[in-house]
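Let me begin by presenting the structure, written as structure tokens, before commenting on it.
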Amino acid sequence: MVRDLPGAQHGRARGGPGSAAAADTAVATGCPPPDSARPDTVQPSRPAVRPSPGTPPDKVSHRARGPSSYPMHPPRTPAPPRVVAYTHTMPSALTASQIREAFLKFFEERGHRRVASSSLVPANDPTLLFTNAGMVQFKDVFTGREKRDYKRATTSQKCVRAGGKHNDLDNVGYTARHHTFFEMLGNFSFGDYFKPDAIAYGWEFVTKTLGLDTQRLAVTVFNGEGGIPWDEEAFELWAKQGVPRERIYKLGLKDNFWAMGDTGPCGPCSEIHYFQGNDIACVEEAAGKTCQGVACDCDRWLEIWNLVFMQFERKEKDAPLIPLPKPSIDTGAGLERIASVVQGKRSNYETDLFQNIIAKVSELCGKTYTQEGGASMRVVADHSRAAAFLISDGVQPSNEGRGYVLRRIMRRAIRHGTQLGLDELFFFKVVDRVIDLMGDAFPELRESRTFVLEVCRHEESGFRQTLNRGLKLIDEELAKLQKSGGKQLSGEVIFLLHGTYGFPWDLTQIIARERGYDVDLEGFKVLIGQGGPTGPIGPGQGIADVYMKLVERLGPTQFLGYEGEGHEGEGSIRAILKDGAEVTQASQGDKVELVLDRTPFYGESGGQVGDTGRVVGHGGKSVAQVEDAQRPVAGLVVHTVNVTEGTFKVGDMVQAGVNVERRKSIRANHSATHLLHKALKLVLGEHVKQAGSVVAPDYLRFDFSHFSPATQEQLEKVEDLVNGWIRDNAAAETRVMKLEDAKKSGAVAMFGEKYGETVRVVTVHPESTELCGGTHVRRSGDIGLFKVTSESGVASGVRRIVALTGIGALQYVREQEHELRRAAELLKTSPKDLSKRVEATQKRVKELERKVEEVAVKAQTAGSKDLLEQAREVNGMKVLATQVDSADDSVLRGMADQLRDRIRSGVVAIGGEKDGRAIILVAATKDVVARGINAGALVREMAKEVGGKGGGKADMAQAGGPDAAKLPAALEKLYELVKGAGAA
RNA sequence: GGGGCCAUGGCUCAAUGGGAGAGCGCUCGGCUUGCACCCGAGAUGUCCGGGUUCGAAUCCCGGUGGUUCCA
């Protein structure tokens with residue numbers, strides 16, 4: 001199970017804009033599609049809550065209780081007293097795409113910059129598993145760490161929520177509002193406009209642009225709690241918009257106060273709720289309590305808009321709030337919810353966003369969608385969206401972190417697919433539909449279509465394989481249980497299925513129950529609890545908290561390696577870690593980790609290994625050897641050092657120097673890696689994508705996606721291209737630019753790599769432009785020579801190339817040359833003629849072998865005429881046992897064959913001596929075999945004479961033994977044996 | 001980084017631990033004016049290195065390569 005996201009949802013249980021979508025805890029509505037949800041019958045003007053003059057009576061649900069039953073003033077408590085029908089109709093049936101566009105345009109017209117959705121994988125934010133709210137990409141802008149050239153922005157942000165305490169994933173498909181993937185519409189003000197405009201914009205968009213019935217709307221404001229004053233300003237502003245005062249509710253910290261975390265910006269929020277009807281199920285009521293109205297978790301009053309007024313800042317945990325000089329606005333509105341309200345649906349799944357996907361699922365499985373039985377289809381529809389977007393943002397199914405979340409989503413969808421009767425790969429087809437539907441709004445989907453579909457296919461076929469294997473295991477275990485009379489599948493088995501076969505426990509449970517068995521969930525929970533480092537767990541694991549805290553406190557380390565020679569620099573020690581704990585100083589003999597404010601040391605990342613070198617302080621009195629430099633968290637460089645002289649204290653100024661030769665080699669290898677990447681694309685095809693890379697001083701290793709081994713010709717072509725570019729001696733250049741611009745310019749971005757707002761674009765040669773944070777040569781010629789040394793497979797669809805550059809490559813070539821020369825000398829020829837010579841030698845060896853055998857057979861059979869005469873008559877069979885000089889297996893066999901043929905009917909034994917050991921071969925003709933003669937049995941007995949063993953078939957057998965001197969006796973025994981056999 | 005499976009002629013594949021085969025392809029010959037078909041003949045060999053065994057393509061260990069799963 002995935003753990004709670006560290007820091008992801010701190011302090012915003014329900015308060016943030018985010019809560020307008022998946023964090024919902026609504027229970028399944030189980031409602032049939034409302035009668036009135038027929039957009040085509042709907043009048044465009046003021047929709048009537050009570051039957052109004054404009055609405056014909058027949059458009060009103062039969063369940064309506066009449067005008068008086070409509071709660072004009074939604075009470076917080078108690079809940080509306082009576083059931084009110086779901087009678088409203090919508091002025092227009094805007095599609096979700098139209099709503100999205102209307103929203104963005106609305107704010108664009110009001111001075112907002114339309115900003116593209118950021119990746120689902122948050123850039124430079126290891127605290128967050130996935131982008132889960134609209135403001136994520138603006139986090140640093142709100143805190144002031146980052147500046148943008150606009151003060152107002154609007155986005156439709158891709159979001160994923162599939163984890164957390166309540167494990168939302170289990171609900172998805174069974175409720176009206178839970179999703180793994182959703183879009184968050186947002187408008188943001190960075191110290192520009194504040195409450196008045198934010199409220200006015202929100203109200204205008206909801207009531208005018210969307211045309212939602214004001215009668216059904218209510219708003220909430222912060223009531224003041226915990227020493228923070230109530231938000232009277234917001235209250236008055238809403239009232240000014242025309243919201244009746246009695247429908248502005250004051251809610252507490254839990255609902256209407258937002259904070260990014262324990263520290264940082266925070267402020268009250270204010271929400272718009274939409275009344276759906278009192279016939280909607282409510283948990284509170286189901287539990288015998290009363291519905292909490294706008295404060296209730298149920299869907300009667302649906303939160304559709306959340307305004308966050310960032311006006312305070314908290315410097316330290318539990319410290320008093322300080323007003324921000326320039327308060328900001330962060331708005332969130334879940335597109336799926338808004339669409340459902342606008343389209344008059346009671347479930348997000350009824351909107352066009354999902355129905356268009358469900359139609360595809362329905363078509364594939366040949367079943368019609370029904371609200372009640374459609375859970376599996378809803379699961380597939382929802383999960384296919386998440387999968388499409390996650391994969392296109394570079395997440396790949398795996399066993400941990402983000403990849404594990406994706407895998408669970410995909411496997412859950414595939415399992416539901418099998419429940420719908422989809423026995424062949426189907427998931428990629430649904431995902432393909434998602435790309436069709438969403439590709440206009442999110443072009444990245446189209447761009448990565450082939451890849452996304454491939455990943456889906458792969459995951460599904462993989463899962464279907466383990467699915468079957470796992471089912472087999474369950475069968476076996478259940479069979480065991482049957483024997484032993486047990487009733488419960490053990491926790492170990494569930495754990496094994498979970499860990500090894502990717503079976504969620506609930507699937508195991510379902511299968512076991514189908515066959516009348518129970519499962520030991522308690523035992524499983526115990527095992528999963530101690531899952532340890534091998535268990536699939538959440539993100540942040542492995543990133544020790546120490547580093548997280550360091551980077552939060554100290555900010556990123558400045559890397560000096562880009563400028564000039566970049567191997568020396570001065571910095572001050574900001575932190576010292578010993579055995580993972582912070583200390584204030586380190587002295588001679590200590591092995592510690594140093595964090596500097598600035599460093600020329602490259603911390604291992606992007607495949608490039610960390611630098612080594614030394615750090616010197618106190619005018620040379622203190623020296624530490626840097627054995628490695630790592631980057632445990634984005635932005636933080638940690639030097640692993642051995643203090644060899646003196647002491648180092650936090651705050652000391654130090655001189656840092658990188659091992660120059662080593663760095664040079666690394667640079668050459670890194671630049672060569674870029675050229676190799678490009679050359680592979682040209683030679684093997686555009687599908688070649690980097691799948692991993694190691695840039696070390698002594699070699700480079702490059703993994704890439706490609707489905708068959710590269711041929712020798714292709715590799716040579718790659719070498720030629722790369723070496724050609726090296727000889728061009730092009731000036732390498734690095735530009736720092738915005739991510740968007742870099743992508744536009746066609747720079748190769750690593751799939752799934754996290755990039756910040758600004759990126760480094762490295763052009764080693766005009767042919768190769770890549771986003772890269774590593775260190776590179778000045779001119780391509782600095783690489784020297786490029787030589788591929790191996791090509792091999794790593795995983796399915798992934799090949800690996802290992803190559804050398806510069807002196808390393810030269811040495812390699814030289815070694816090969818030496819080897820060649822040595823071989824040539826041994827064969828007394830020149831390297832040039834070596835292969836010819838080997839060929840000739842092989843041929844000659846073969847010829848000689850053949851001749852030897854020929855001669856031997858000839859020599860032996862020459863005297864075999866006489867041998868035939870030695871045959872004796874035993875039990876009416878001719879029996880011959882004789883000894884020959886030659887003792888090669890195949891020669892003896894040839895002779896035995898010949899003798900057997902010539903004897904016509906009988907048994908032949910030939911003995912020979914080889915290296916002092918006896919060999920005996922017995923052959924019998926078919927007719928005597930039919931009479932009960934068994935060569936195998938005979939030879940076994942004879943072998944005993946020479947102290948050996950043997951065996952074979954009835955018509956041909958051989959044996960051997962150490963006592964060659966006893967051969968005559970052994971052979972003589974044949975006659976007796978045949979006599980006995982014949983008599984029997 | 002670890003595990004599974006696989007490796008036999010140019011290709012696709014056979015061969016209970018007991019004599020390395022088939023089909024296709026290839027070469028040559030015959031038939032044919034010629035080509036194709038057809039007929040006949042032939043060449044090409046168990047990935048490498050150890051071990052077990054009387055005997056290994058077969059079993060074991062190591063290596064190499066392929067493939068696949070896991071990390």
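The shown structure was predicted, so the numbers you read here are calculated from the model rather than taken from an experiment. In what follows, chains carry the letters A, B, and so on, assigned in the order in which the sequence lines appear, proteins first and then strands, with residues in each chain numbered from 1.
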Backbone N or O of A:Ala710 within a donor-acceptor pair of the A:Glu791 side chain at under 3.5 Å?
-> yes
Round to a whole Å and report the spacing from CD1 of A:Ile919 to P of B:G55.
-> 9 Å
Given B:G18, B:G66, B:C54, which nucleotide is nearest the side-chain atoms of A:Lys949?
-> B:C54
Can you tell which of B:G66, B:A20, B:C54 lies closest to the side chain of A:Arg893?
-> B:A20
Should the pair A:Lys944-A:Glu941 be classified as a salt bridge under the 4.0 Å nitrogen-to-oxygen rule?
-> yes
Rounded to whole angstrom, note down the P distance from B:G23 over to B:C61.
-> 36 Å
Check: A:Glu460 side chain, A:Phe427 main-chain N or O, donor-acceptor pair, under 3.5 Å | yes
Can you tell me, in whole Å, how much space there is between the P of B:G29 and that of B:A22?
-> 23 Å
When you measure from the side chain of A:Asn669 to the backbone N and O of A:Val695, does any donor-acceptor pair fall under 3.5 Å?
-> no
Whole-Å gap separating P (B:A56) and CD (A:Gln958) = 9 Å
Spacing of A:Met956 atom CE relative to B:A20 atom P, expressed in whole Å = 10 Å
Partner of B:C24 by Watson-Crick or G-U wobble geometry, both contacts under 3.5 Å, or none?
-> B:G10
Looking only at atom P, what distance separates B:C38 and B:U44, rounded to whole Å?
-> 25 Å
Of A:Gly960 and A:Ser790, the one whose closest nucleotide on RNA chain B sits nearer the 5' end is A:Gly960
A:Glu791 or A:Arg701, whichever maps to the more 5' nucleotide of RNA chain B = A:Arg701
Does any nucleotide pair with B:C38 by Watson-Crick or G-U wobble geometry, both distances under 3.5 Å, and what is it?
-> B:G30
Expressed as a whole number of Å, how far does the C1' atom of B:A57 sit from that of B:C13?
-> 14 Å
Mind checking the C1' distance from B:G21 to B:U46? Whole angstroms is fine.
-> 12 Å
Per atom distances to the A:Arg799 side chain, the nearest of B:G1, B:U67, B:C54 is B:U67
So what does A:Ala943 hit on the nucleic acid, given a heavy-atom distance under 4.0 Å: a base, only sugar-phosphate, or nothing?
-> nothing
Verify the contact: side-chain N or O of A:Arg940 to OP1 or OP2 of B:G18, cut-off strictly under 4.0 Å; return yes or no.
-> no
Spacing between A:Ile920 atom CD1 and B:U53 atom P, to the nearest angstrom | 19 Å
Looking across every strand, which nucleic acid part, if any, lies under 4.0 Å from A:Gly951 by heavy atom: base, sugar-phosphate, or nothing?
-> base
Give a yes or no on whether the ring-centroid distance for A:His677 and A:Phe702 is below 6.0 angstrom.
-> yes
Distance between C1' atoms of B:A15 and B:U68 (Å, rounded) = 27 Å
Taking the side chain as every heavy atom from C-beta outward, state whether A:Lys717 and A:Glu713 have any atom pair closer than 4.5 Å.
-> no
Distance between the P atoms of B:G1 and B:G63, in whole angstroms?
-> 14 Å
What does B:C5 pair with, Watson-Crick or G-U, if both distances are under 3.5 Å?
-> B:G66
Quote, to the nearest angstrom, the P distance that separates B:A20 from B:G25.
-> 27 Å
Between atom NZ in A:Lys953 and atom P in B:U58, what is the gap in whole Å?
-> 17 Å
